Structure formats: C-alpha cells, structure tokens
Amino acid sequence: MPATPAMLNIGDFSRATLLTIKTLRHYHDTGLLEPAEVDAHTGYRRYLTSQIPQAQMIKRFRELRMPLNEIRQLLASPEGSTRNTIIAAHLRRLEDDLGRTRSAVSELRGLLDPPAGPVTISHRHIAPMLCAAIGERIDAKHAMPWLVGALAELQSTLVTQSRRAVAPAGGLISDEIITKGRGVATVYIPCDGPIESIGRVRPFHLPEAELATIIHAGSHRNFDIAYGALATHVARCELAANGPLREHYLVGPLDTLDESAWRTEIGWPIVKVAERPH
C-alpha cells in the first residue's frame, strides 16, 4: 500500500513556512494556496508537507511586492515562457531595488530546481543550563535588529560581571511570533555562573529539551528553507513535542558582518525515542 502523505495542521504549517496563520487563511480564501484538507465540521485546515515549497515561492514573490493576481497566474501557468514573461514584467518595476531583487530571484531558482541532495538532520539533547537572558514581546519584522541589540547587551553584561560564555548564544521562538507576527522572544547566553539582573538582562534557567536539528548557512532572511526541511522531517519521522522552537547562533551578526558566513542551528522539540508510546 502507498505511504500516507505527511500532513501538518495550520499551526505547524505556519511554523514550517514562517507565514502567519492569518496570511495562510487569506491565501486559502483567495484560492492562492488551498489546504489539502478542511474538516467539514470544525473547519480545521491541514496541509501536505509537499506544499511547503509552493508556500516558500509565494512568500518570495510577495517579498518582491508582486500582486496576488500575478502570483496566481504564474503558479497556474504550465509554460515556462509565460512564467518568465510575468516575472520579467514585475522585475522591471523593481529596478530601484536591484540588490534585493537579484537575491530573491536567485532563491527562487533554487526552489524551482530539484534539491541537490538530502538534508542533514541531527538529534541533540540540550541539558538544563544557567544563562543570562533578555525576553521581550517583539514584532517579527523587527526580530533581526532586536536580536543584534539583545546579544550585544548580553555580551557586555557577561564581561561586566566577569562571567564567561560556555555555549553559543541561543533563542527561544514562541509560536505567536510566527503564527501571529508578534510574540515573546528570549535570547540567551549560557554562562559559567549566576548573573545579577541589570537593564533588560535577567538570570534564566534554560530547560532541557530533545531536539531534531538542522544547520542553516547564511542570512536569516532565508530561514524558511531550513524550517521547511526540518518540519518535513519531523512530520515524517519524529513525534513532535510541546515547546518553543530553538535557534543557536553558532556564527552570528556579532561575529561577522558577512551574512554568508552566518551559521544557525535550528531545533524542533521532539519526544525521545525511549519515551515514545509503542
């Protein structure tokens, strides 16, 4: 018998694609991206993991400010020439932003091409750790400048209080930041002893977690590629657990201004194999 397709509810599909639930509902209502299943009684939407690349393409075109009707025409067109005509016409309207446009087109080509090979998914147990942390409610669109400022403040605090980092800085990403566009984010640095509260910095006990992880290389603007690959793996091969998504900034914005050199480990909470029901 054929394998049952891997499915995600709208919340997990939102987490996988970094599109808010409100946006996904709008795309459904306009016929741009329809869920694979809608429960007739509850109205709950479910998506195939195979729909993640299409959502990523739509996200890229919307970042290029392409109107929804043009995206719909592009996705519905079976001919490459028609697609190219639509894309070229829109690119001409974006000549004032060529740097951003070239980057987005490059990403789209990567999405349209077959994957170069299987992605590498790892498993990691994170032990409880004592950290210095900053936690605030933020808008998703301001996440990067907030992250840079928070990391700088944390590093300065450790130096001032003669503490040493014992592991890479990390972040806890609440579902609301992704699904609603605004929520609580916590960035932290594990350290070799307790710290005193000062400014926005507070002591923080990082809870342990079992994670399925993937390494994302490059700018945080392309996070959805890694998130999508990780979500697909978890839906197919793991038993997801409750808890926030985690990010570990192995090489980040405070280490180098060259975004291509950034390395971020993304973690999705899962249930340990030994603890799973049989």
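Given the structure is predicted, the values throughout are model-derived calculations rather than measurements.
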L68 and I86: same hydrophobic cluster, using ILVMFWY side-chain contacts below 4.5 Å?
yes

How far apart are the closest heavy atoms of T30 and R72, and which atoms are they?
O-NH2, 3.0 Å

Is any side-chain heavy atom of I225 less than 4.5 Å from a side-chain heavy atom of Q56?
yes

Any chance you could lay out the side-chain contact (heavy atoms from CB on, under 4.5 Å) test for H123 and T213, step after step, and finish with the verdict?
CA-CA 6 Å; H123 294 85; T213 65; over 6 Å; no

Run R46 and I10 through side-chain contact (heavy atoms from CB on, under 4.5 Å) and show every step you take.
CA-CA 6 Å; R46 299 183 72 207; I10 193 170; over 6 Å; no

Do L172 and I214 land in one hydrophobic cluster if side-chain heavy atoms of ILVMFWY residues count as linked below 4.5 Å?
no

Mind checking salt bridge (Lys or Arg N to Asp or Glu O under 4.0 Å) for E70 and listing every partner two or more places apart, or none if nothing turns up?
R93

I need the minimum non-hydrogen distance between P244 and R15, along with the two atoms involved.
C-NH2, 4.4 Å

Could you list the residues that satisfy salt bridge (Lys or Arg N to Asp or Glu O under 4.0 Å) with R124, not counting sequence neighbours?
E265

Please check if atom CD1 in I198 has more than 12 non-hydrogen atoms from other residues, nucleotides or ligands closer than 6.0 Å.
no

Shortest non-hydrogen separation from A16 to I52 and the atoms involved
CB-CD1, 4.0 Å

Distance check, rounded to the nearest 0.5 Å: H28 atom NE2 versus L24 atom CG?
11.0 Å

Shortest non-hydrogen contact between C131 and L206, atoms and distance
SG-CB, 3.8 Å

Could you state whether I138 and F223 fall into the same hydrophobic cluster, counting links through intermediate Ile, Leu, Val, Met, Phe, Trp or Tyr residues with side-chain heavy atoms under 4.5 angstrom apart?
yes

Plane angle bin for H220 and Y249 - parallel if under 30°, tilted between 30 and 60°, otherwise perpendicular
parallel

L257: hydrophobic cluster co-members (side-chain, 4.5 Å)
none

Heavy-atom closest contact (A36 atom, Q51 atom, distance):
N-OE1, 3.6 Å

Rounded to the nearest 0.5 Å, what's the gap from CD1 on I215 to CG on L250? Could you check?
5.0 Å

Is there a donor in the side chain of H125 and an acceptor in the side chain of E210, or the other way round, less than 3.5 Å apart?
yes

Dump the intermediate steps for side-chain contact (heavy atoms from CB on, under 4.5 Å) on L211 and W268, then the final yes or no.
CA-CA 5 Å; L211 303 175; W268 194 294; over 6 Å; no

Kindly give the heavy-atom pair with the smallest separation between V187 and A150, and that separation in Å.
CG1-CB, 3.3 Å

I'd like to know if D255 and R263 make a salt bridge, using a cut-off of under 4.0 Å between side-chain N and carboxylate O.
no

Can you get from L32 to L8 by hopping between Ile, Leu, Val, Met, Phe, Trp and Tyr side chains that sit under 4.5 Å apart?
yes

Measuring from atom OG of S14 to atom OH of Y227, what distance do you get when rounded to the nearest 0.5 angstrom?
11.0 Å

Can you tell me if W146 uses its side chain to pair, donor with acceptor, with the backbone of K141 under 3.5 Å?
no

Regarding H216 and E247, is there a side-chain donor-to-acceptor distance under 3.5 Å anywhere?
no

Cluster link M144 to I177, ILVMFWY, side chain under 4.5 Å:
yes

Crowding at CD, E196 (>12 non-hydrogen neighbours, <6.0 Å)
no

Distance-only, no hydrogens or angles: does the T179 side chain make a donor-acceptor pair with backbone N or O of D175 under 3.5 Å?
yes

